[in-house]
Amino acid sequence: MYKIYINETPLFLLETNDAVLEKWKGENVLIMHATGKQKQFFQVIDSLEKMKRYDAVLLHGSNADELFEKFSSLYKILEAAGGIVKNEAGEILFIFRRGFWDLPKGKIDKGETP
């Protein structure tokens, strides 16, 4: 099972299992059989980016690893690093970005190490 957050809503990619799917019935959860096609992934991602309609989305199919591999192929991986920055008084540096407080981080440039 894979759990991916899109705008704070979890997207689960998992293998079809009646017990697991039954657990979520009655909740504010969208449960869909995954076709594995890019179009379906794009539709789910688009809806999660635009609105907070469900508490979670479950895409299920015969092989969770394959679903994750197909989902991951839609994105480019960028190496990044972050950390806790403290001053002499022990205060921690935070940044306010995209409406949330976060620790400082950024992508790794050529020649840099994490």
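Residues: numbered from 1 along the sequence shown. In this text, all values refer to a predicted model and were calculated from it rather than measured experimentally. The figures that follow rest on heavy atoms only: side chains count, while hydrogens, waters and symmetry mates do not.
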(message) As an exercise, state the distance from CE of M1 to NE2 of H60, rounded to the nearest 0.5 Å.
(response) 14.5 Å

(message) Rounded to the nearest 0.5 Å, what separates atom NZ in K50 from atom CD1 in I6?
(response) 13.0 Å

(request) Please name the residue in the list I95, I92, L93 that meets the side chain to side chain contact (heavy atoms under 4.5 Å, CB included) test with L103. (result) I92

(request) Could you tell me whether the side chain of E8 reaches within less than 4.5 Å of the side chain of F100, counting heavy atoms only? (result) yes

(request) For residues Y54 and N28, determine if any side-chain heavy atom of one lies less than 4.5 Å from a side-chain heavy atom of the other. (result) yes

(request) Could you check if a side-chain atom of F12 sits within less than 4.5 angstrom of a side-chain atom of I4, using non-hydrogen atoms only? (result) no

(message) Measuring from atom CD of E79 to atom CD1 of I77, what distance do you get when rounded to the nearest 0.5 angstrom?
(response) 8.0 Å

(request) Report yes if the side chains of L30 and L58 come closer than 4.5 Å at any heavy-atom pair, otherwise no. (result) no

(request) Indicate the ring-plane relationship of F71 and F68, choosing parallel, tilted or perpendicular according to the 30° and 60° boundaries. (result) parallel

(message) Do E112 and K107 have side chains that approach each other closer than 4.5 Å (heavy atoms only, starting at C-beta)?
(response) no

(request) Decide whether V44 and V29 are clustered together by the hydrophobic rule: side chain heavy atoms of Ile, Leu, Val, Met, Phe, Trp, Tyr closer than 4.5 Å, transitively. (result) no

(request) Following the transitive rule for hydrophobic clusters with a side-chain heavy-atom cut-off under 4.5 Å over Ile, Leu, Val, Met, Phe, Trp and Tyr, establish whether L48 and L74 coincide in one cluster. (result) yes

(request) Kindly compute the distance separating CG (L13) from CG (L11), expressed to the nearest 0.5 Å. (result) 5.0 Å

(message) Using side-chain heavy atoms (C-beta onward) and a distance below 4.5 Å, is I84 in contact with K86?
(response) yes

(message) Determine whether a donor-acceptor pair (N or O, by modelled atom type, separation under 3.5 Å) exists between the side chain of S73 and the backbone of K70.
(response) yes

(message) Measuring only between side-chain heavy atoms, which start at C-beta, is K52 closer than 4.5 Å to N7?
(response) no

(request) Taking the side chain as every heavy atom from C-beta outward, state whether V57 and P10 have any pair of such atoms under 4.5 Å apart. (result) no

(message) Quick one: does any side-chain atom of Q40 pair with a main-chain N or O of T35 as donor and acceptor, under 3.5 Å?
(response) yes

(request) Test side-chain contact (heavy atoms from CB on, under 4.5 Å) on R97 and K105 and set out the steps. (result) CA-CA 11 Å; R97 186 176 66 158; K105 58 184 160 278; 3.8 Å; yes

(message) To the closest 0.5 Å, what do you measure between CG (L14) and NZ (K3)?
(response) 11.5 Å

(request) Count the heavy atoms of every other residue, nucleotide or ligand shown that sit under 6.0 Å from CD of Q43, and state whether that count exceeds 12. (result) yes

(message) Under the criterion side-chain contact (heavy atoms from CB on, under 4.5 Å), I'd like the reasoning laid out for F41 against D46: C-alpha separation, chi angles, the key distance, then a yes or no.
(response) CA-CA 8 Å; F41 286 125; D46 188 54; over 6 Å; no

